[in-house]
S.K.: 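The structure under discussion is supplied below as structure tokens; questions concerning it will follow.
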Amino acid sequence: MKEATESLNFIEHIIEEDLANGFPKEKLCFRFPPEPNGYLHIGHAASICLNFGLGEKYGAPVNLRFDDTNPAKEEQEYVDAIKRDIAWLGFNWANECYSSDYFQQLYDWAVQLIKQGKAYVDQQSSELIAEQKGTPTSPGMPSPFRDRSIAENLDLFERMKNGEFASGTYLLRAKIDMASPNMHMRDPILYRIIHAHHHRTGNTWNIYPMYDWAHGESDYLEQVSHSLCTLEFKAHRELYDWYLDQIVDPTLLRPKQREFARRNLSFTVMSKRKLLELVQKKVVSGWDDPRMPTISGLRRRGYTPNSIRNFSEVAGIARRENVTDVSLLEFCVREDLNQSATRVMAVLNPIKVVIQNYPVGQVEILHLENNPEKTDAGTHEVPFSRELYIERADFKEEADSKFFRLSIGQEVRLKSAYIIKAESVVKDAAGTLLEIHCSYEAESRSGSGTEASQRKVKSTIHWVSVAHAIQAEVREYDRLFLDESPDAHESKSYMDFINPNSLKVIKNAYLEPYLSQANSNESYQFQRLGYFTLDSESREGKLVFNKTVGLKDTWAKQNATAATKQQTSSKPIAQAPQETKSALNEIQYIGKKLTNLSGDKLEEALRNIRVQAENVTYEELEPLFGTAAKKVGTRIAVLVALTVLLAKGASKTPAAAEFIASCQSDESITLKEEAAKLA
RNA sequence: UGACUGAUGGUGUAACUGGCAACACGUCUGAUUUUGGUUCAGAAGAGUCUAGGUUCGAGCCCUAGUCGGUCAACCA
């Protein structure tokens, strides 16, 4: 259905090229390699969708590999959460793998490296090693232990493995090049000693491989064809390849690392470390707080797998830094939910309406369409009675012409019910509005088929019956940060931009009774308000709803812009100097493309130049006489402009004459002709 | 002062081997609408970081520059 868009992203181009060069399609294999040290977020979703999407597109397996090489930071809890999130997104992994599954093989290979004189045991402090490493602009110095004998290295390494040494005392390093311009090649660490319990291997190991050593070799062991990671690993590629060089069997597939830009979202942060800080400092309630950009947070908020996959699709993947506007994500949920959400009525900020001419005690059961987008979705029942709640914002005692809702003397339709007219208001001593007294038109009931029921009124508003409404808590969310890129400021921390009002709790919202049986894996559209879903804290009898996203609200926007307009117009407007493109630039531009044109379009372009030339001075034009002979278009444009200037009475300077002469002898016929007219 | 890398409307992505810069979001009109939603029709908005060059023709190729990102964890 959407296969119409054939454009490939750059990763797909790489794969297509490999395929074209004879790489067998059946050997394609991808992987998604999270470290189980935190929850997945929308940025990971980009990577997940990329890898699993590629798998689906090429019919290739995609492994889920936990990069669990650091027992100090990793936990089973995260493994479970990650699996749940990926499954929720709707992807199936071919194999569930762990870097820790390869610890023995990795160890054996390391021993082999030592035997080849390509690795050595170092025993200096981390400070000393860092010092010897040099800086990006100056080379490093070799470790005094760099030339330890192979036998000694072997012995030490084995004892490291056996747990004879304390954490941090010994290291295994690859012997590469301390002067490499790539810092990662300056004798990188292969193994360090960590005495910690590993969530899978327990206490079997006392040494653990570093990311670089484990990652490429794991890709190789799994025969991953394309190992896709984010841009910050670009500099690691050289090392990735060096490690593979040491162990690769040429008859087997050699993985290829390629990098893409991570996806950033505006008004949020996107690194596990920063998200963890929000959790730890209790800025949010947890990893799955509905304000968090985590998959679990978005899920709790009411985002659908579809909307997130679509977002990834639409946002695309590329190699440059980016900050995608959240509005794109919001668009994606709305688009999805609009199709699937059941329409209901809920009043979040109530004001009571009493219909004076409606019989006291009468209750009518009306029918509300479940989903106008799906004709077969049916209806559900809504009780109607004399006393109702409507939104406070839907009433104004006196309305201006742009306010379509209820006001004194003004009619509105109650959704799926009657047309009412506001007659009077009741206020307390302080002047606050208590209730609105209305009259209804008995013939106007929706769907009754009467003439009155077909009558058009300016607006339709939602409502709930006071006697039948159920109460619930509704949580509304705003962006977590006030700045578009909270972590992009040098002088300020992202913590400085926290939005203090990102959570608004409405304790007593009134919902139509149908919602007492609300389903936790369904989304509801509270009509005219937005999309809502049951929160995980919701209990029978104490319902809690999360607002996923509001409806597009052109009315609110109109008001907001009107307000700001009023504000700015009260001040003297500091007119920004109009950045009009200079006529000369315009001429140059038209000229640039001139030789591509013909017929009418050429005529039009020439006409345009003549128009623009009216606003150009001779002084401005003169420097362009020197335009390279190759740039025929520009020369024509300049010549045409000159023609106009001369006609206006500019004097033909020697420079101009020379220019005209040179044009006359040009190869371009157009140029020649134009020049001849002037000669 | 190094190495690597990137630069296309407000935002995100396109443009297959060079051939009058496309799609989506956002914005703005108008129509439809018992949701100021949806849908439909339309508009505005970039001459592709700058300066040169190659070419009949450059966003794509070349040269130089500018600006941004990444790299010096016993993290991944």
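Chain letters run A, B, ... following the sequence lines, proteins first, then strands; residues in each count from 1.
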S.K.: Can you check the distance between U27(B) and U70(B), where both ends of the measurement are the P atom (answer in whole Å)?
M.R.: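 Roughly 31 Å separates the two P atoms.
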
S.K.: Does Ile461(A) reach a base, just sugar-phosphate, or nothing at all? Heavy atoms under 4.0 Å.
M.R.: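 Nothing, no heavy atom under 4.0 Å.
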
S.K.: On the side chain of Arg413(A), is there an atom forming a donor-acceptor pair with the base of U34(B) - under 3.5 Å, no angle test?
M.R.: yes

S.K.: Strictly below 4.0 Å, N to O, side chains only: are Glu364(A) and Arg445(A) in salt-bridge contact?
M.R.: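 Salt bridge present between Glu364(A) and Arg445(A).
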
S.K.: Could you tell me how far apart Leu328(A) (CG) and G12(B) (P) are, to the nearest whole angstrom?
M.R.: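 It is 11 Å, rounded to the nearest whole Å.
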
S.K.: Give one of base, sugar-phosphate or nothing for Gly140(A), where a contact means two heavy atoms less than 4.0 Å apart.
M.R.: nothing

S.K.: Got a donor-acceptor pair under 3.5 Å from the side chain of Arg334(A) to the base of U38(B)?
M.R.: no

S.K.: Please report the distance separating the C1' of G69(B) from the corresponding atom of C49(B), rounded so that it comes out in whole Å.
M.R.: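 Comparing C1' positions in G69(B) and C49(B) gives a spacing of 15 Å.
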
S.K.: Taking the six-membered ring for Trp, are His198(A) and Phe103(A) parallel (under 30°), tilted (30 to 60°) or perpendicular (over 60°)?
M.R.: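 Geometry flag for Phe103(A) against His198(A): perpendicular rings.
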
S.K.: Salt-bridged, Glu411(A) to Arg455(A), with N to O below 4.0 Å?
M.R.: yes

S.K.: Check whether any side-chain nitrogen or oxygen of Arg319(A) sits under 4.0 Å from OP1 or OP2 of U13(B), and answer yes or no.
M.R.: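 Checking Arg319(A) against U13(B): no side-chain N or O falls below 4.0 Å of OP1 or OP2.
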
S.K.: Please determine whether any donor N or O and acceptor N or O are separated by less than 3.5 Å between the side chain of Gln525(A) and the base of U35(B).
M.R.: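 Indeed there is one.
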
S.K.: U34(B), A76(B), A72(B): which one has an atom nearest the side-chain heavy atoms of Pro136(A)?
M.R.: A72(B)

S.K.: Assign Lys402(A) to base, sugar-phosphate, or nothing according to its heavy-atom contacts below 4.0 angstrom with the strands shown.
M.R.: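 The residue Lys402(A) makes base contact.
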
S.K.: Are Arg273(A) and Glu35(A) within salt-bridge range, i.e. N to O under 4.0 Å?
M.R.: no

S.K.: If you go through the side-chain atoms of Glu484(A), does one of them form a donor-acceptor pair with the base of G10(B) closer than 3.5 Å?
M.R.: no

S.K.: When the C1' atoms of C67(B) and C61(B) are compared, how many Å lie between them, rounded to an integer?
M.R.: 23 Å

S.K.: Taking any strand in view, what nucleotide pairs with C67(B) in a Watson-Crick or G-U wobble way, both distances under 3.5 Å?
M.R.: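 Partner of C67(B): G6(B).
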
S.K.: Out of U13(B), A15(B), U35(B), which nucleotide sits closest to the side chain of His13(A)?
M.R.: A15(B)

S.K.: Does C74(B) have a Watson-Crick or wobble mate here (both distances under 3.5 Å), and if so which one?
M.R.: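 Its partner is none (no Watson-Crick or G-U wobble pair with both distances under 3.5 Å).
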
S.K.: Check if the side chain of His184(A) and the base of A3(B) share a donor-acceptor pair of N or O atoms closer than 3.5 Å.
M.R.: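 Donor-acceptor pair under 3.5 Å: no.
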
S.K.: Out of U35(B), G37(B), U5(B), which has the shortest distance to the side chain of Lys234(A)?
M.R.: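 Looking only at heavy atoms from C-beta outward on Lys234(A), the closest nucleotide is U5(B).
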
S.K.: Quote, to the nearest angstrom, the C1' distance that separates A43(B) from G9(B).
M.R.: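 About 15 Å, rounded to a whole number of Å.
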
S.K.: For the side chain of Thr554(A), counting heavy atoms from C-beta on, which of G37(B), U35(B), A15(B) is nearest?
M.R.: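 The nucleotide sitting nearest to the side chain is G37(B).
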
S.K.: Suppose we call a contact any N or O donor and acceptor under 3.5 Å apart; does that hold for the side chain of Arg263(A) and the base of G12(B)?
M.R.: no

S.K.: Atom CZ of Phe66(A) and atom C1' of C75(B): how far apart are they, to the nearest Å?
M.R.: 18 Å

S.K.: What's the closest nucleotide to the side chain of Arg343(A) if the choices are U34(B), C75(B), G37(B)?
M.R.: G37(B)

S.K.: When you measure from the side chain of Glu232(A), which nucleotide among U70(B), U27(B), U34(B) comes out closest?
M.R.: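 Given the options U70(B), U27(B), U34(B), the side chain of Glu232(A) is closest to U70(B).
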
S.K.: Would you say whether Tyr211(A) stacks on A76(B)? The test is a distance between ring centres of less than 5.5 Å and an angle between planes of less than 30°.
M.R.: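 Aromatic stack with A76(B) absent for Tyr211(A).
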
S.K.: Using whole Å, what does the distance between atom P of nucleotide G26(B) and atom CD of Gln558(A) come to?
M.R.: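 The answer, rounded to whole Å, is 17 Å.
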
S.K.: What do you reckon, do Phe331(A) and the base of G26(B) stack, with centroid distance below 5.5 Å and planes below 30°?
M.R.: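 According to the criterion (under 5.5 Å, under 30°), no, Phe331(A) does not stack.
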
S.K.: Specify whether His215(A) and Tyr240(A) have parallel, tilted or perpendicular ring planes, treating 30° as the upper limit for parallel and 60° as the lower limit for perpendicular.
M.R.: tilted

S.K.: Between Arg192(A) and A76(B), is there a contact of a side-chain N or O with OP1 or OP2 at under 4.0 Å?
M.R.: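 Arg192(A) to A76(B) OP1/OP2: side-chain N or O found under 4.0 Å.
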
S.K.: Please name the nucleotide paired to C23(B) by Watson-Crick or G-U wobble geometry with both distances under 3.5 Å, or report none.
M.R.: G12(B)

